[in-house]
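Any value given below was found using the heavy atoms of this structure, including those in side chains, with hydrogens, waters and symmetry copies removed.
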Amino acid sequence: MSFVVSEREASQSGEIHCDTICYRGRPIDVNVQGKTLAKALHYCKKHAYSGGHDLRAWDAKFVGDLDLETLYDLILASHKLEIQGLLALTCQTLANKIKGKSPHETCHVLPPREY
């Protein structure tokens, strides 16, 4: 999949910036699944053009609509792409989901992963 992002949107990430995304006119691979990358870039776009507005309600809806597997994928992608705001948001969301649960219950919240 190919994505076109503005310099302003790319500035939301420590890993994605104009020098790395398109090197001498050739796109590079950021090694994140397309569906997950699309969500991460949607977050970057919203925050890049927020104009200083409070986005807490938008953020809550953004993560509230995610299933656990997508949430987990976004945590990994935001870490890899160095999108600090998204990383904090997704980690806090996951922490809220496991808060007060026993270790056994926590195992049911976190999706099994193959590495």
Side-chain angles (χ1 to χ4, degrees):
M1 297 177 87
S2 296
F3 295 91
V4 177
V5 297
S6 71
E7 187 172 343
R8 191 175 203 176
E9 293 166 41
S11 72
Q12 298 292 306
S13 167
E15 183 67 20
I16 302 173
H17 43 80
C18 290
D19 294 339
T20 62
I21 291 302
C22 195
Y23 182 71
R24 294 188 182 158
R26 294 175 34 192
I28 64 163
D29 183 14
V30 293
N31 201 23
V32 173
Q33 290 183 353
K35 177 182 166 188
T36 304
L37 182 57
K39 288 200 172 296
L41 293 176
H42 180 64
Y43 173 91
C44 288
K45 184 174 187 172
K46 184 67 173 183
H47 281 259
Y49 295 104
S50 69
H53 291 94
D54 184 3
L55 295 177
R56 285 182 286 190
W58 185 88
D59 286 348
K61 179 163 178 25
F62 179 75
V63 293
D65 292 342
L66 302 175
D67 59 70
L68 284 172
E69 188 166 343
T70 303
L71 177 63
Y72 192 68
D73 288 343
L74 267 178
I75 289 170
L76 296 175
S78 60
H79 174 70
K80 181 178 188 109
L81 299 173
E82 298 177 22
I83 305 170
Q84 297 306 315
L86 181 58
L87 180 60
L89 176 64
T90 52
C91 285
Q92 185 61 57
T93 302
L94 184 59
N96 291 343
K97 289 183 180 293
I98 62 176
K99 187 176 184 176
K101 293 195 178 351
S102 70
H104 181 69
E105 291 170 320
T106 300
C107 290
H108 295 289
V109 172
L110 301 176
R113 306 291 291 189
E114 290 185 28
Y115 296 97

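- Side chains of K39 and L66 form a contact here, defined as non-hydrogen atoms less than 4.5 Å apart.
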Requested in this report: Check the pair K61 / D65 against side-chain contact (heavy atoms from CB on, under 4.5 Å), numbers first and verdict last.
Outcome: CA-CA 6 Å; K61 179 163 178 25; D65 292 342; 2.9 Å; yes
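- Here the CD1-OG1 distance, from I75 to T93, works out to 8.0 Å after rounding to the nearest 0.5 Å.
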**Report entry** side-chain contact (heavy atoms from CB on, under 4.5 Å) between T36 and T70, worked out
**Finding:** CA-CA 7 Å; T36 304; T70 303; 5.7 Å; no
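- Ring geometry, H47 versus W58: the interplanar angle exceeds 60°, so the pair is classed perpendicular (tilted spans 30 to 60°).
- Two residues are said to be in side-chain contact when any heavy atoms from C-beta on lie closer than 4.5 Å; F62 and L55 fail this criterion.
- Within the 4.5 Å cutoff, the side chain of Y72 has no heavy atoms near those of the T90 side chain.
- The structure places CG of L81 at 9.0 Å from CG of L86, a figure rounded to the nearest 0.5 Å.
- Residues L87 and S78 share a closest heavy-atom pair of CA-OG, 3.3 Å.
- Interatomic distance, CD of Q84 versus CG of L89, reported as 12.5 Å (0.5 Å rounding).
- H53 contributes a side-chain N or O that, together with a main-chain N or O of S50, makes up a donor-acceptor pair within less than 3.5 Å.
- Panel note: side chain E105, backbone S102; a donor-acceptor pair is recorded below 3.5 Å.
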